[in-house]
Amino acid sequence: MDVITTVRGMKEYARAIKDRRETICLVPTMGYLHEGHLELMRKGRTLARHLFASIFVNPTQFGPSEDLARYPRDFERDRRLCEDVGVECIFYPSVEEMYPASYSTYVDVEGVTRHLCGASRPGHFRGVATVVAKLFNICMPDVAVFGEKDYQQLVVIRRMVRDLDMDVQVVAHPTVRESDGLAMSSRNTYLTPQQRMEALVLKKAIDRAKELVGQGERDTSRIKKAALDLIGEAPSASVDYVEIVDPDTVEPVGTIDDRAVIALAVRIGSTRLIDNAELKAP
Ligand code: AMP
């Protein structure tokens, strides 16, 4: 397995593959890999001849008071996991390589970034869209795999690809969970054992919402209230948002006609966790 740290080296590597008319799949990550990432890579392996992963903790998607400095990192472990899962090449650039001095260009996806994390993390999706656009230009994938765990991110990337006419097929992979239901996340490592238990309220709130919708409830304010009440039972939980949105526009909806997505961001202690699920009217 190759590890490439320069933009130039990565472009040369990708270009040689493209010149042979072979296909590339890219799985972008911020590293500290878990089974969720590895599932994306296993899927990626089936989608193209060559599987690339990128590992880059992207500073432009972190706000000034967020966890950039303490974001967990372990490249040696990530390297082994990628190799085991069949990644051919890891793109592992430094911050200076991706954002040299005088860097000045950003991708801003409007509309679908108005709510949820777009509202609670100003600038976050500008950073995400910018780095993903760069990764696409550098790694030249035909296909890229993203997790539904970051639902709004998936919508943002799809919109960017459509609007900027990028030749990349975006494939979504369902959220991978621990056996007790907690969505896997590199940030779960921040949790104390007590907080790890309380973190289950995110999935419980989603399950409660699904149950209500299954029973015929369509009024999203009542569903949100039930979810909020449940989260309120965890002493170290504080809600960033609980919202029910249209799956395509990511705009909040008042009633569930057919399909909607419940998305939540909850702080457990100082760790901000997100989760989401589709709500389908029976
Ligand atoms: P990250 O390293 O957190 O930026 O995530 C890299 C990719 O892995 C993104 O496409 C995420 O949506 C995806 N991902 C992260 N956690 C999960 C999970 N639990 N299940 C599925 N995909 C995930």
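Remember, it's 1-based here, ligands and their atoms both numbered in the order they're listed.
The protein non-hydrogen atom at the shortest distance from atom 13 (C) of ligand 1 is Leu40 CD2, 3.6 Å. Of the protein's heavy atoms, Val176 N, 2.8 Å lies nearest to atom 20 (N) of ligand 1.
The backbone N or O of Ile24 lies less than 3.5 Å from a partner atom in the side chain of Asp142, making a donor-acceptor pair. The closest donor-acceptor contact from the side chain of Glu198 to the backbone of Ser236 lies under 3.5 Å. Counting only distance, with no hydrogens or angles, the side chain of Tyr32 and the backbone of His34 share no donor-acceptor pair below 3.5 Å. Arg45 contributes a side-chain N or O that, together with a main-chain N or O of Val85, makes up a donor-acceptor pair within less than 3.5 Å.
Just one of Lys203, Lys149, Arg177 meets the side chain to side chain donor-acceptor pair (under 3.5 Å) condition when paired with Asp275; it is Arg177. When each of Arg222, Lys224, Lys225, Lys210 is checked for a salt bridge (Lys or Arg N to Asp or Glu O under 4.0 Å) with Glu217, only Arg222 meets the rule.
Looking at Met30 next to ligand 1, an N or O pair under 3.5 Å apart turns up. Polar contact check, His37 against ligand 1: a nitrogen or oxygen pair lies under 3.5 Å apart.
Residue His34 places a heavy atom under 4.0 Å from ligand 1.
In this comparison of Ile55, Asp150, Thr175, the heavy atom closest to atom 11 (C) of ligand 1 sits on Asp150. Comparing Gln153, Lys149, Glu178 against atom 9 (C) of ligand 1, the shortest heavy-atom distance belongs to Gln153. Heavy-atom proximity to atom 6 (C) of ligand 1, evaluated over Ser186, Pro174, Pro28, Gly147, is greatest for Pro28.
Atoms of ligand 1 lying under 4.0 Å from at least one heavy atom of Phe146, given by number and element, are 10 (O). Shown in contact with Met184 at under 4.0 Å from a heavy atom are these atoms of ligand 1, numbered in order with element: 16 (N), 17 (C), 18 (C), 19 (N).
Taking the six-membered ring for Trp and the full ring otherwise, the centers of Phe56 and Phe91 sit at least 6.0 Å from each other.
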